[in-house]
Structures are given as structure tokens and as C-alpha cells.
Amino acid sequence: MKEFDPLVLLAVFREMLGPWQWLLLPITVAGLFAFLRCIVRDRGLVAGRLRRARRIGLLGGVLALVVLVEISAAGFVGAGGPVDWLLFALVFAIGVTAAVVIIYPLLAWRDDRAA
């Protein structure tokens, strides 16, 4: 493969996640809107809340890899080339990011209820 084609990554990503991709997408979009609402409401990020969300977000990345291996024929042992390993890294990064975006508003909601 002499040229990098992003559509190849999309095709492999769809093959690895299957129908879960379409379930996870609206959850992530809803979490993004809640995250942006919290930022606007609080007029910025709350450092302590973001720190807690990032710590928990690492578990989201690990969970994303576990889900990937469980629902697809892809596995760490069967990774054939650099594109597979790149996609594993992308799945982890997307899992961490999505978890932080979803957990931050949940922590804000919990903090609001405690106050």
C-alpha cells in the first residue's frame, strides 16, 4: 500500500465494529451535546471534574478494545499489519475520548445534585 486512503480505515473500522458502530455513534453525539452544554453553563472546564473524567476515561478505552475483540473476528493475535495496529490505537483513543465526553456531564450532574 503506497498511498494512504482514509476510506480503507473506515472500511476496516466498520468490519471490526460491525453494527455496534451505529449504536455507539448516537450515544457519543448525545454525550458531546451534554459536554458542550456543561462547558457553556459553567463558562469553562472544571479542572477537578475533568481530571476525574479522564481517569475513568482510560477504562473506557480498555472497554472499547474489549468490545472490539469480543464482537468481531479481529483480535490482537490476528492483527496482520500496521493498519490493524493503527486501528486498535484509534479504537482505544476514541474509547477514551468518548468516555470522557460522556462521563464529564454525568459528574457535573452528580455535583449539582450534591450541592
Side-chain angles (χ1 to χ4, degrees):
M1 188 163 114
K2 293 182 181 181
E3 296 180 17
F4 177 75
D5 187 8
L7 292 178
V8 172
L9 290 178
L10 178 63
V12 174
F13 194 65
R14 286 181 56 193
E15 178 67 28
M16 291 168 85
L17 281 178
W20 281 87
Q21 177 184 3
W22 304 116
L23 176 66
L24 295 173
L25 188 64
I27 293 171
T28 303
V29 169
L32 179 63
F33 283 125
F35 180 74
L36 293 174
R37 182 177 175 271
C38 285
I39 291 175
V40 169
R41 186 192 67 190
D42 296 339
R43 294 190 176 115
L45 292 170
V46 178
R49 190 181 303 151
L50 182 62
R51 208 173 311 120
R52 286 181 299 194
R54 285 188 353 214
R55 276 192 225 121
I56 298 169
L58 290 174
L59 294 175
V62 171
L63 180 64
L65 289 175
V66 168
V67 167
L68 172 72
V69 171
E70 288 296 319
I71 66 170
S72 70
F76 300 114
V77 177
V83 171
D84 290 336
W85 289 106
L86 177 64
L87 284 170
F88 284 138
L90 283 173
V91 166
F92 180 78
I94 290 170
V96 168
T97 304
V100 168
V101 164
I102 291 170
I103 290 168
Y104 185 87
L106 292 175
L107 290 174
W109 178 66
R110 189 191 70 172
D111 291 347
D112 289 345
R113 288 190 52 171

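Along the sequence shown, the residues carry numbers beginning at 1.
- Here the CG-CG distance, from D42 to D112, works out to 7.0 Å after rounding to the nearest 0.5 Å.
- Using a 4.5 Å cut-off between side-chain heavy atoms of Ile, Leu, Val, Met, Phe, Trp and Tyr, with links allowed through other members, L58 and F88 fall into the same hydrophobic cluster.
- The environment of CZ in R37 is sparse: at most 12 heavy-atom neighbours from other residues, nucleotides or ligands sit within 6.0 Å.
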Identify all side-chain donor-acceptor contacts of residues 93-108 below 3.5 Å with residues at least two apart in sequence or on another chain.
unit_1 : atom_1 : unit_2 : atom_2 : d
T97    : OG1    : A93    : O      : 2.8
Y104   : OH     : V46    : N      : 2.9

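- Placement of I56 and F35 in two distinct hydrophobic clusters is found when ILVMFWY residues are connected by side-chain heavy-atom separations under 4.5 Å, directly or transitively.
- When the side chains of ILVMFWY residues are joined at heavy-atom separations under 4.5 Å, either directly or via intervening members, F33 and I39 end up in two distinct hydrophobic clusters.
- At least one side-chain heavy atom of L32 sits less than 4.5 Å from a side-chain heavy atom of L36.
- The hydrophobic cluster containing L59 does not contain V66, counting ILVMFWY residues as joined when their side-chain heavy atoms lie under 4.5 angstrom apart, directly or transitively.
- Residues passing the side chain to side chain donor-acceptor pair (under 3.5 Å) test with R52, sequence neighbours excluded: D111.
- The cluster map of Ile, Leu, Val, Met, Phe, Trp and Tyr, joined by side-chain heavy atoms under 4.5 Å apart, puts L63 and L65 in the same cluster.
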